[in-house]
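Note that the numbering runs from 1 along the sequence shown for the chain.
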Amino acid sequence: MISTHSIRVLGRDLQVKSVSSPEHVAQVEALVNEKLAEAEAAISGGDTQVVVILALMNLAEGLLGAQKELAEERHNCSERIAGLIGRLDRQQV
């Protein structure tokens, strides 16, 4: 069920709709605000658009790293499963 949630990002109060729980929306809000604060601290001048772009780049970098890790883990699991199936097949002969 879609619910409306109140969040605050970049000093603005926003209403967002989500199927996620209020706790999950709050976690997303906290992560976004954390990344924006990190980006803002790294930039002199405080141009909001540059802060947002840097925060998005940092989040995208983290996402791509996590996706790569997941793909590697899936590959490793597939190899282990194939090895176990091979061992089982050899034992049944």
Side-chain angles (χ1 to χ4, degrees):
M1 176 179 185
I2 296 177
S3 299
T4 302
H5 305 270
S6 298
I7 63 169
R8 187 169 182 84
V9 176
L10 290 174
R12 294 183 61 184
D13 293 318
L14 303 166
Q15 301 293 315
V16 295
K17 293 183 179 182
S18 177
V19 296
S20 299
S21 69
E23 294 81 13
H24 184 76
V25 173
Q27 287 177 323
V28 171
E29 176 188 8
L31 176 62
V32 167
N33 283 319
E34 176 187 330
K35 293 300 181 182
L36 286 167
E38 288 173 5
E40 190 171 33
I43 295 175
S44 60
D47 180 351
T48 304
Q49 194 172 32
V50 174
V51 169
V52 170
I53 291 168
L54 182 58
L56 286 169
M57 294 295 292
N58 289 339
L59 284 167
E61 182 177 27
L63 173 64
L64 291 174
Q67 287 175 332
K68 182 179 178 186
E69 266 183 48
L70 179 60
E72 289 170 358
E73 191 62 32
R74 284 182 174 160
H75 177 75
N76 291 340
C77 286
S78 293
E79 284 184 345
R80 287 176 54 202
I81 290 169
L84 291 170
I85 290 171
R87 285 175 57 190
L88 288 170
D89 286 344
R90 284 189 297 275
Q91 287 179 357
Q92 291 178 1
V93 174

Practice item. Given side chain to side chain contact (heavy atoms under 4.5 Å, CB included), test Lys68 with Leu64 step by step and report yes or no. Key: CA-CA 6 Å; Lys68 182 179 178 186; Leu64 291 174; over 6 Å; no
Point to revise | side chain to side chain contact (heavy atoms under 4.5 Å, CB included) assessment of Val32 paired with Leu36 | key: CA-CA 6 Å; Val32 167; Leu36 286 167; 3.8 Å; yes
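Taken to the nearest 0.5 Å, the OG atom of Ser18 stands 6.5 Å off from the NE2 atom of His24. Put simply, CG on Leu54 and NZ on Lys35 are 10.0 Å apart, with the number rounded to the nearest 0.5 Å. Note that CG of Leu70 is 10.5 Å distant from CG of Leu63, once rounded to the nearest 0.5 Å. Note that CD of Gln27 and CD of Glu34 are 12.0 Å apart. Values are rounded to the nearest 0.5 Å.
With a 6.0 Å radius and a threshold of 12 heavy atoms from other residues, nucleotides or ligands, Glu61 has its CD atom at or below the threshold. Other residues, nucleotides and ligands contribute more than 12 heavy atoms inside 6.0 Å of the CD atom of Gln15.
With Glu38 contributing its side chain and Ala55 its backbone, the two residues share no donor-acceptor pair below 3.5 Å.
Val50 and Val9 fall within the same hydrophobic cluster, defined by Ile, Leu, Val, Met, Phe, Trp and Tyr side-chain heavy atoms under 4.5 Å apart, directly or through other members. Val51 and Ile53 fall into different hydrophobic clusters, where Ile, Leu, Val, Met, Phe, Trp and Tyr residues are linked whenever their side-chain heavy atoms come under 4.5 Å apart, directly or through other members. Under a hydrophobic-cluster definition in which Ile, Leu, Val, Met, Phe, Trp and Tyr are linked whenever side-chain heavy atoms come within less than 4.5 Å, directly or via other members, Val16 and Leu59 are assigned to different clusters.
For the pair His75/Glu72, no side-chain contact is recorded, criterion being any heavy-atom separation below 4.5 Å from C-beta on. Residues Leu10 and Val52 meet the side-chain proximity criterion, which asks for heavy atoms closer than 4.5 Å. Here the side chains of Ile7 and Asn33 are not in contact, with every heavy-atom distance at 4.5 Å or above.
Taking each heavy atom of Glu29 and Arg8 in turn, the nearest pair found is OE2-N, 2.8 Å.
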